[in-house]
A.B. asks: 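Let me begin by handing over the structure; questions about it come next.
Heavy atoms only: backbone and side chains are in, while hydrogens, waters and symmetry mates are out. Chain A is the first sequence line, chain B the second, and so forth, proteins listed ahead of strands; every chain is numbered from 1.
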Number of protein chains: 2
Amino acid sequence: MAQNDTVTRILDTAEVLFAERGFAETSLRTITSKAKVNLAAVNYHFGSKKSLIQAVFARYLDPFTERFHRALDALEARHGGQAIPLEELLETLAGSVLEVPAERNSLKVFMRLLGLAYSQAQGHLRRYIQEEYGGVFTRFTALIRVATPELPDSERFWRLHFMLGSVIFTFSGLEALRDIAEKDYDEHVTVRDLVRRLRPVVVAAMQAPLPPSLNAQEA
Amino acid sequence: MAQNDTVTRILDTAEVLFAERGFAETSLRTITSKAKVNLAAVNYHFGSKKSLIQAVFARYLDPFTERFHRALDALEARHGGQAIPLEELLETLAGSVLEVPAERNSLKVFMRLLGLAYSQAQGHLRRYIQEEYGGVFTRFTALIRVATPELPDSERFWRLHFMLGSVIFTFSGLEALRDIAEKDYDEHVTVRDLVRRLRPVVVAAMQAPLPPSLNAQEA
DNA sequence: TCACGTTTCAAACAAATGTTTATAACTGGA
DNA sequence: TCCAGTTATAAACATTTGTTTGAAACGTGA
């Protein structure tokens with residue numbers, strides 16, 4: 001189909017350019033010329049640039065959330081109501097994230113997009129992602145709660161965001177960091193390498209000793 | 001002085017707007033109108049928008065690097081050539097970061113700007129920061145290296161960036177996160193609270209067990 | 001007071017942006 | 001074949017962008 005071809009070509013080109021330069025820094029003309037598509041095609045098929053951005057995310061997040069929900073279903077079934085260990089939860093999350101874009105060989109694009117979703121202004125994007133995909137995140141954190149009963153709720157809340165920051169920050173700045181790492185340590189780092197490196201760090205961080213009591217004030 | 005007043009007003013306004021919306025999303029007209037300054041003033045005093053962005057960073061990073069260097073001098077002198085414990089290095093870093101913007105009460109702006117420096121495209125910014133302030137970071141990582149001899153160089157490199165991500169992400173999204181935490185856990189979180197919570201997490205993350213060997217491939 | 005360098009200001013500039021329009025080309029079923 | 005409906009295309013549109021210009025206002029030392 002011709003329209004499908006155009007739509008797909010726009011999405012393929014847009015996601016790469018967005019990941020490389022950000023949303024505001026990527027013009028529709030850059031996208032359409034690189035995709036060999038007429039300028040008006042974006043507004044015709046997507047309506048607006050905002051909608052194009054959301055469509056780029058949906059193409060990744062829709063399959064991801066479905067896979068992740070199914071993986072969590074299986075995990076819960078396997079443990080039959082018992083608490084699921086932290087490592088397995090993290091493993092399942094990482095697995096679902098890694099699976100999705102493997103087909104298009106663009107995991108790094110996916111990660112970079114997630115980073116942009118947080119760091120770029122684009123209020124509409126955060127709202128869209130929260131409303132559309134907030135549910136699966138809520139489900140995941142509820143399971144994490146069961147897996148880490150020793151943590152006070154507020155402490156777990158903050159530590160989850162510490163780790164979320166690690167992941168998003170690292171992947172969204174991946175290109176730059178990779179260049180440095182490659183130059184200094186002479187090894188090419190793949191996203192899978194980073195996930196492997198992240199695993200023990202995240203587990204250790206979640207299980208770190210509690211900070212000194214809230215009331216103990218010192219200079 | 002009038003020119004100083006104009007320059008300062010531009011910088012004060014620009015840093016807030018940049019932090020809120022990003023660089024590309026903030027126009028010179030928005031800055032100058034909010035700062036009650038003529039549009040041409042930016043190009044007159046700074047030369048270009050790029051230079052303005054760099055100047056915004058310099059106003060934070062210049063005092064910070066100087067303070068941090070002095071603090072590291074003192075720390076090294078105190079240990080007289082002996083290895084400095086990881087905890088003390090982190091403490092010194094945290095202290096220097098917290099000190100600088102305290103005067104202008106804009107720690108969150110500082111943090112958000114640091115986050116943008118990494119996540120936004122703006123190649124010139126990364127180059128500028130690297131060339132201008134790479135030295136102090138190199139010095140710090142060299143000390144961290146001595147404090148964590150058990151870590152392979154590349155592993156330490158990545159863990160440092162994991163933790164950098166935690167800090168920048170958390171503080172740059174502090175406003176939103178604080179609201180949630182306050183609502184859900186009924187406690188007001190100060191920046192110092194977060195630093196206290198971060199300390200054991202960062203230490204545990206740096207001391208986490210090494211990931212399985214690079215060559216061990218599994219499904 | 002004068003003159004000179006600095007700073008401000010309103011206006012204009014060229015370029016780039018997202019979007020719309022009107023027309024053409026194509027498509028598949030009657 | 002012919003005709004609706006869909007898609008593609010080129011052109012134009014109104015804004016917005018960073019930057020430049022030239023003149024006015026200002027400040028300061030002679």
A.B. asks: Quick one: A/Ile31 CD1 to C/dT19 P, roughly how many Å, whole number?
C.D. replies: 11 Å
A.B. asks: Salt bridge check, B/Lys34 against B/Asp12: does any charged N sit closer than 4.0 Å to a carboxylate O?
C.D. replies: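 Salt bridge flag = no for B/Lys34 with B/Asp12.
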A.B. asks: Rounded off to whole Å, could you give me the CD1-to-P distance for the B/Ile10 and D/dT19 pair?
C.D. replies: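 Those two atoms, CD1 and P, are 13 Å apart.
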A.B. asks: Would you classify B/Thr30 as touching base, sugar-phosphate or nothing, given that sugar-phosphate means primed atoms plus P, OP1 and OP2, and contacts are heavy atoms under 4.0 Å?
C.D. replies: nothing
A.B. asks: Quick check on A/Arg139: does its CZ atom have over 12 non-hydrogen neighbours (other residues, nucleotides or ligands) under 6.0 Å away?
C.D. replies: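 Enclosed: over 12 neighbouring heavy atoms sit under 6.0 Å from CZ of A/Arg139.
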A.B. asks: With a 4.0 Å cutoff (strictly under), does any side-chain N or O of B/Ser27 reach OP1 or OP2 of D/dT17?
C.D. replies: yes
A.B. asks: Nearest-Å distance, CG (A/Asn43) to P (C/dA22)?
C.D. replies: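 Value for this atom pair: 16 Å.
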A.B. asks: What is the separation between atom CZ on A/Arg21 and atom P on C/dA16, rounded to the nearest whole Å?
C.D. replies: 13 Å
A.B. asks: Of A/Val42 and B/Ala40, whose closest DNA chain C nucleotide lies nearer the 5' terminus?
C.D. replies: B/Ala40
A.B. asks: Does a nitrogen or oxygen in the side chain of B/His45 sit under 4.0 Å from OP1 or OP2 of C/dT8?
C.D. replies: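 The answer is yes; a side-chain N or O of B/His45 sits under 4.0 Å from OP1 or OP2.
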A.B. asks: Quick one, A/Phe169 with B/Phe169, criterion ring pair (Phe, Tyr, Trp, His ring centres under 6.0 Å). Give me CA distance, side-chain angles, the key distance, then yes/no.
C.D. replies: CA-CA 7 Å; A/Phe169 178 87; B/Phe169 178 87; 9.1 Å; no
A.B. asks: The side chain of B/Tyr44 lies closest to which of these nucleotides: D/dT19, D/dA8, C/dT8?
C.D. replies: C/dT8
A.B. asks: Any salt bridge linking A/Arg178 with A/Asp193? Criterion: basic side-chain nitrogen under 4.0 Å from a carboxylate oxygen.
C.D. replies: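 A/Asp193 and A/Arg178: not salt-bridged.
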A.B. asks: Check A/Glu15 with A/Arg112, please: is the shortest side-chain N to carboxylate O separation under 4.0 Å?
C.D. replies: no
A.B. asks: Rounding to a whole Å, what distance do you find between B/Glu25:CD and D/dT15:P?
C.D. replies: 22 Å
A.B. asks: Hey, is the side chain of B/Thr6 poking within less than 4.0 Å of OP1 or OP2 on C/dT8, counting only N and O atoms?
C.D. replies: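 Answer is yes, contact under 4.0 Å.
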A.B. asks: Think B/Asn38 has a side-chain N or O under 4.0 angstrom from the OP1 or OP2 of C/dA10?
C.D. replies: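 Looking at the OP1 and OP2 atoms of C/dA10, one of them is under 4.0 Å from a side-chain N or O of B/Asn38.
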A.B. asks: What is the separation between atom CZ on A/Arg29 and atom P on C/dT19, rounded to the nearest whole Å?
C.D. replies: 11 Å
A.B. asks: Round to a whole Å and report the spacing from CG of B/Leu28 to P of D/dT16.
C.D. replies: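 The answer, rounded to whole Å, is 15 Å.
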A.B. asks: Whole angstrom is fine here: how far is it from CD1 in B/Ile53 over to C1' in D/dT17?
C.D. replies: 14 Å
A.B. asks: Over all strands shown, is A/Thr32 touching base, sugar-phosphate only, or nothing at heavy-atom distances under 4.0 angstrom?
C.D. replies: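 If one applies the 4.0 Å heavy-atom cut-off, A/Thr32 turns out to touch nothing in the nucleic acid.
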